[in-house]
Enquirer: 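A single structure is presented below for examination.
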Amino acid sequence: MPEVTEAYPPGTPCWVDLMAPDQQAALDVYRDLFGWQGEVGPAEFGGYAMCTLNGKPVAGVMAAMAPEGQPTPPTVWTTYIATADADATQAAVTANGGTVLMPVTDVGTVGRMLVAADPGGAVFGVWQPVDFFGAHVVNEPGALTWNELHTADFDAAAAFYRAVFGAEIAPMDMPGAGDYHVFNVGGRGVGGVANLANDPPGTPSHWLTYFSVDDADSVVDALVKRGGTVLVPPFDMVAGRMSVLADPQGAVFAVIKAKPM
């Protein structure tokens, strides 16, 4: 199992977490789907649940809590991008047309974080590691395998993420990839960028989380039995067999059985 043992390079997606109205129900669903172990955490961290796969951290699940008089936050998976300096990243977000939704916050001794939106409105988190660097297992069934920005403006996204994270967004050089782009950090593809025009009309810009699975069709069937929704039925594409789903509380994510490289 590809275990990550050191901090992710700045600009690399390093963690994902889910905010859901019913935290325990979410923990139950993803335990069934991916074999995760997780329980409601300590009160000082808002009950944040660190989910593990074979004892290694893979994702977080938290209860959606709204400040008094505010609407409940959306039920979403959030992609976190690694940084060496959260304060500098926050300043760069603002300077380059982004919006800070939650300013830099210390999370105990584990790290520092913020939540922001790019100029197109796609929301993402930023993580500066201290004692915790992010997902310890990736690219294995039940673990995070890909993070994908869906945007209506490749050029604007490229300018923003280059200025803020030093990432380069470039067209994918692969037959059958169409207008798909790759999110490169240090010359390595660490994520994807898709054209929002291919999403259902009215879909806002967003980051989509992909989890690796052994069998996309069986995971889809299992989720449907738990009350989830199939947004894009399983289909074969250049990277493997994938599907886009919404869990029973509405959080959207994708699963993929990747082709051997």
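Everything numeric in this text was worked out from a predicted model, so none of it was measured. These numbers come from the heavy atoms of this one structure, side chains and all, not from hydrogens, waters or symmetry mates.
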Enquirer: Under the ring pair (Phe, Tyr, Trp, His ring centres under 6.0 Å) test, which residues partner F124, sequence neighbours left out?
Expert: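 Here the qualifying residues are Y161, F165.
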
Enquirer: State the CD-CD distance between E39 and Q24, to the nearest 0.5 angstrom.
Expert: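 Rounded to the nearest 0.5 Å, the CD-CD separation comes to 9.0 Å.
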
Enquirer: Going by side-chain heavy atoms closer than 4.5 Å, which hydrophobic residues are tied to V76, directly or by a chain of links?
Expert: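 When side chains under 4.5 Å apart are linked, V76 ends up in no cluster with other residues.
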
Enquirer: List, by chain and then residue number, the residues other than W127 in its hydrophobic cluster (Ile/Leu/Val/Met/Phe/Trp/Tyr, side-chain heavy atoms under 4.5 Å); write none if there are no others.
Expert: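 When side chains under 4.5 Å apart are linked, the cluster holding W127 also contains W15, M19, F45, Y48, M50, M62, Y80, L101, M102, V107, V110, M113, V115, V123, F132.
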
Enquirer: Nearest 0.5 Å, what's the CG-OG1 distance between L114 and T105?
Expert: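 If I round to the nearest 0.5 Å, the distance is 8.0 Å.
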
Enquirer: Going by side-chain heavy atoms closer than 4.5 Å, which hydrophobic residues are tied to V130, directly or by a chain of links?
Expert: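 ILVMFWY cluster around V130 holds nothing else.
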
Enquirer: What's the shortest heavy-atom distance between L27 and C51, and which atoms?
Expert: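 So the two residues come closest at CD2-SG, 3.6 Å.
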
Enquirer: Identify the heavy atoms of D199 and H150 that sit nearest to each other, and give their distance.
Expert: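 Taking every non-hydrogen atom into account, OD1-ND1, 2.8 Å.
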
Enquirer: Any salt bridge between R241 and D217, counting N to O under 4.0 Å?
Expert: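 The answer is yes: the pair qualifies as a salt bridge.
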
Enquirer: Drop me the distance from T151's OG1 to N195's CG, to the nearest 0.5 angstrom.
Expert: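 Rounded to the nearest 0.5 Å, the OG1-CG separation comes out at 8.0 Å.
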
Enquirer: If the test is side chain to side chain contact (heavy atoms under 4.5 Å, CB included), which one of V255, L33, T229 qualifies with L223?
Expert: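 Of the listed options, the one satisfying the test is L33.
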
Enquirer: Less than 4.5 Å apart, any side-chain heavy atom of R162 and any of I169?
Expert: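 The answer is no; the side chains never approach within 4.5 Å.
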
Enquirer: Transitively linked via ILVMFWY side-chain contacts under 4.5 Å: W77 with L53?
Expert: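 Cluster IDs for W77 and L53 match.
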
Enquirer: Give the cluster check for L149 versus L196: same hydrophobic cluster or not, with ILVMFWY residues linked at side-chain heavy-atom distances below 4.5 Å.
Expert: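 L149 and L196: separate clusters.
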
Enquirer: Within a reach of under 6.0 Å around CD of E44, are more than 12 heavy atoms found that belong to other residues, nucleotides or ligands?
Expert: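 Counting neighbours around CD of E44, more than 12 heavy atoms of other residues, nucleotides or ligands fall under 6.0 Å, so yes.
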
Enquirer: Under 4.5 Å between any side-chain heavy atoms of S243 and V230, yes or no?
Expert: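 Yes; the side chains approach each other to less than 4.5 Å.
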
Enquirer: Are M237 and V193 connected in a single hydrophobic cluster, I mean Ile/Leu/Val/Met/Phe/Trp/Tyr linked by side-chain heavy atoms less than 4.5 Å apart?
Expert: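 No; M237 is not reachable from V193 via cluster members.
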
Enquirer: Any idea which heavy atoms bring G142 and W36 closest together, and the distance?
Expert: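 That would be O-NE1, 2.6 Å.
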
Enquirer: How close do T75 and P21 get, counting heavy atoms only, and between which atoms?
Expert: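 Taking every non-hydrogen atom into account, OG1-CD, 3.1 Å.
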
Enquirer: Can you say whether the rings of F154 and H181 are parallel (under 30°), tilted (30 to 60°) or perpendicular (over 60°)?
Expert: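 Ring orientation of F154 relative to H181: parallel.
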
Enquirer: What do the steps show when you test W207 against E148 for side-chain contact (heavy atoms from CB on, under 4.5 Å), and what is the final call?
Expert: CA-CA 5 Å; W207 278 88; E148 184 177 83; 5.6 Å; no

Enquirer: Please answer: with hydrophobic residues joined when any side-chain heavy atoms are less than 4.5 Å apart, are V190 and Y210 in the same cluster?
Expert: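 No: no chain of side-chain contacts under 4.5 Å links V190 to Y210.
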
Enquirer: Which is it for N147 and F183 under the side-chain contact (heavy atoms from CB on, under 4.5 Å) test, yes or no, and what are the steps along the way?
Expert: CA-CA 9 Å; N147 303 80; F183 193 93; over 6 Å; no

Enquirer: For A26 and A20, which heavy atoms make the closest approach, and how far apart are they?
Expert: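 Residues A26 and A20, closest heavy atoms: CB-CB, 4.1 Å.
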
Enquirer: Group every Ile, Leu, Val, Met, Phe, Trp and Tyr by side-chain heavy-atom contacts under 4.5 Å, then state whether F34 and V58 land in the same group.
Expert: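 As far as the 4.5 Å side-chain criterion goes, V58 and F34 are connected within one cluster.
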
Enquirer: Which atom pairs, one a donor and one an acceptor, fall under 3.5 Å between side chains of residues 85-92 and the rest of the protein, sequence neighbours left out?
Expert:
residue	atom	partner	partner atom	Å
D85	OD1	D87	N	3.1
D85	OD1	A88	N	3.0
D87	OD2	R112	NH1	2.5
T89	OG1	T83	OG1	2.6
T89	OG1	D85	O	3.1
Q90	OE1	V104	N	2.8

Enquirer: How close do V185 and P10 get, counting heavy atoms only, and between which atoms?
Expert: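 Heavy-atom minimum between the residues: CG1-O, 3.3 Å.
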
Enquirer: I want to check something: taking the side chain as every heavy atom from C-beta on, are N54 and V137 in contact at a cut-off of under 4.5 Å?
Expert: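 Side-chain contact under 4.5 Å: no.
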
Enquirer: Is the backbone N or O of V61 less than 3.5 Å from a side-chain atom of Q23, with the two atoms forming a donor-acceptor pair by type?
Expert: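 Answer holds: yes.
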
Enquirer: For a ring-ring contact (aromatic ring centres under 6.0 Å, His included) check, start with the C-alpha distance between Y180 and W146, then their side-chain angles and the critical distance, and finish with the verdict.
Expert: CA-CA 14 Å; Y180 197 79; W146 196 241; 7.1 Å; no

Enquirer: Please collect all salt bridge (Lys or Arg N to Asp or Glu O under 4.0 Å) contacts where either partner lies in residues 15-36, sequence neighbours excluded, each pair once.
Expert: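 Matches after skipping sequence neighbours: D28-R31, D32-R226.
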
Enquirer: Q249 versus L18: any side-chain heavy-atom pair under 4.5 Å?
Expert: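 No, their side chains stay 4.5 Å or more apart.
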
Enquirer: Apply the side chain to side chain contact (heavy atoms under 4.5 Å, CB included) test between F211 and each candidate in V219, V138, T145, V16; give the one that qualifies.
Expert: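 Per the side chain to side chain contact (heavy atoms under 4.5 Å, CB included) rule, the option paired with F211 is V16, out of V219, V138, T145, V16.
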
Enquirer: Nearest 0.5 Å, please: how far is OG1 in T12 from CZ in R188?
Expert: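 It is 6.0 Å, given to the nearest 0.5 Å.
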
